[in-house]
Student: 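Questions regarding the structure given below will be posed in turn.
Values below: every heavy atom of this structure, side chains too, minus hydrogens, waters and symmetry copies. These figures come from a predicted structure and were not determined experimentally.
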Amino acid sequence: MNICVFGSSSEQIDKIYLESAEHLGKRIAEKGYNLVFGAGKYGIMGASVRGAYNAGGYTIGVTPDFFIDVGVVFDKCSELIVTDTMRERKGIMEDKADAFVICAGGMGTFEEFFEVLTLKQLNRHTKPIIIYNVKGYYNSMLAMLDNAVSEKFMTNACNRLYTIADTEDEVFNQLENYVPFTYNKYGFLKKDGEQNG
């Protein structure tokens with residue numbers, strides 16, 4: 001199984017985020033899974049790949065070429081895929097992955113989470129999406145999603161397209177016991193010949 005880990009590139013964050021990501025990467029490798037990540041050597045990306053690498057795991061890094069020029073790429077990936085753009089990078093990570101684990105992060109991680117969630121909502125994939133909610137980091141985002149349901153911008157079914165794990169054990173339990181869930185976003189449309197209200 002290829003597990004894609006999305007997460008921060010910041011080194012300024014609380015060490016608990018870095019330590020939990022490094023242990024997650026280690027556990028991914030120990031279980032015989034492969035790590036797919038954004039190829040960065042800093043922050044949660046770097047921590048997760050160090051954990052996997054040190055445990056002898058297979059790691060697939062995907063980076064736009066300009067990150068190589070900046071010098072932020074982990075140079076010991078089992079496989080390094082270089083792209084022209086960030087958009088292409090995300091597409092390859094999504095295609096390579098069998099599952100997504102969303103660790104704590106900022107704008108880039110938010111974008112990655114909402115992209116794979118939107119694609120799942122549109123039935124473009126049925127892969128597990130697990131929010132690894134270390135220290136309750138994502139509580140406010142989850143509250144925002146609940147509010148979107150309350151205000152009818154989303155259906156409650158959207159909140160079944162991902163799961164929330166507070167511990168590493170929960171992450172792997174959800175991965176290994178995953179039952180695909182999809183729904184028809186356009187189910188409110190009537191079949192030909194029926195009235196739409």
Student: How far does OG1 of Thr126 sit from CZ of Phe181, to the nearest 0.5 angstrom?
Tutor: 12.0 Å
Student: Roughly how far, to the nearest 0.5 Å, is CE of Met45 from OG of Ser10?
Tutor: 10.5 Å
Student: Rounded to the nearest 0.5 Å, how far apart are OH of Tyr138 and CD1 of Ile131?
Tutor: 7.5 Å
Student: Donor-acceptor pair, Asn34 side chain versus Thr59 backbone, under 3.5 Å?
Tutor: no
Student: When hydrophobic residues are tied together by side-chain contacts of less than 4.5 Å, even through go-betweens, does Leu142 share a cluster with Met144?
Tutor: yes
Student: Indicate yes or no: at least one non-hydrogen side-chain atom of Leu175 is less than 4.5 angstrom from one of Pro128.
Tutor: yes
Student: Run the side chain to side chain contact (heavy atoms under 4.5 Å, CB included) test on Ile3 and Leu35 for me, step by step, so that the C-alpha distance in whole Å, both residues' side-chain angles and the decisive distance to 0.1 Å come before the verdict.
Tutor: CA-CA 5 Å; Ile3 299 175; Leu35 174 70; 5.7 Å; no
Student: Looking only at heavy atoms, what is the nearest atom pair of Ala29 and Ala52, with distance?
Tutor: CB-O, 3.6 Å
Student: Once rounded to the nearest 0.5 Å, what's the spacing between atom CE of Met141 and atom CD1 of Ile164?
Tutor: 8.0 Å
Student: Is there a donor-acceptor contact under 3.5 Å from the side chain of Glu11 to the main chain of Gly43?
Tutor: yes
Student: I'd like a table of donor-acceptor pairs (distance under 3.5 Å, sequence neighbours excluded) in which one partner is a side-chain atom from residues 100-120, with atom names and distances.
Tutor:
unit_1 : atom_1 : unit_2 : atom_2 : d
Glu111 : OE2    : Lys90  : NZ     : 2.8
Glu115 : OE1    : Lys90  : NZ     : 2.8
Thr118 : OG1    : Phe114 : O      : 2.7
Lys120 : NZ     : Lys127 : O      : 2.9
Lys120 : NZ     : Leu161 : O      : 2.9
Lys120 : NZ     : Tyr178 : OH     : 2.8

Student: Using a distance-only test with no angle check, is there a side-chain donor-acceptor pair under 3.5 angstrom linking Glu79 and Tyr58?
Tutor: yes
Student: Of the non-hydrogen atoms in Ala97 and Cys4, which two are nearest, and what is the gap between them?
Tutor: CB-CB, 3.5 Å
Student: What closest approach, in Å, do Tyr132 and Thr167 show between heavy atoms, and which atom pair accounts for it?
Tutor: CE1-C, 3.6 Å
Student: What closest approach, in Å, do Gly71 and Lys41 show between heavy atoms, and which atom pair accounts for it?
Tutor: O-CE, 3.1 Å
Student: Please report the interatomic distance NZ(Lys76) to CG(Asn54), rounded to the nearest 0.5 Å.
Tutor: 9.5 Å
Student: Going through the checks in order, is the side chain to side chain contact (heavy atoms under 4.5 Å, CB included) test met by Asn177 and Phe172?
Tutor: CA-CA 8 Å; Asn177 296 286; Phe172 287 99; over 6 Å; no
Student: Under the 3.5 angstrom rule, does the side chain of Arg124 hit a backbone N or O of Leu122 as a donor-acceptor pair?
Tutor: yes
Student: Does Asn147 offer a backbone N or O that forms a donor-acceptor pair with the side chain of Glu151 under 3.5 Å?
Tutor: no
Student: In sequence, state the C-alpha distance, the side-chain angles, and the governing distance for Asn159 and Asp146, and then conclude on side chain to side chain contact (heavy atoms under 4.5 Å, CB included).
Tutor: CA-CA 8 Å; Asn159 283 337; Asp146 286 339; 3.2 Å; yes
Student: Judged by atom type as modelled, is there a donor-acceptor pair below 3.5 Å linking the side chain of Arg89 to the main-chain atoms of Val62?
Tutor: yes
Student: Hey, what else clusters with Phe66 if you join Ile, Leu, Val, Met, Phe, Trp, Tyr whenever side-chain heavy atoms sit under 4.5 Å?
Tutor: Tyr42, Phe67, Ile68, Val70, Val72, Val73, Leu80, Val82, Met86
Student: State whether the side chain of Asn2 and the backbone N or O of Lys96 hold a donor-acceptor pair below 3.5 Å, judged by distance alone.
Tutor: yes
Student: Let me see the working for Ile13 and Leu18 under side chain to side chain contact (heavy atoms under 4.5 Å, CB included), right down to the final yes or no.
Tutor: CA-CA 8 Å; Ile13 57 180; Leu18 300 173; 3.8 Å; yes
Student: Suppose we screen for side chain to side chain donor-acceptor pair (under 3.5 Å). Which residues come up paired with Glu30, at least two apart in sequence or across chains?
Tutor: Lys26
Student: Do the side-chain N and O atoms of His23 and Glu168 include a donor-acceptor pair separated by under 3.5 angstrom?
Tutor: yes
Student: Is there side-chain contact between Leu145 and Tyr162, with at least one heavy-atom pair below 4.5 Å?
Tutor: yes
Student: CD1 of Ile44 to OG of Ser20: how many Å apart, nearest 0.5 Å?
Tutor: 6.5 Å
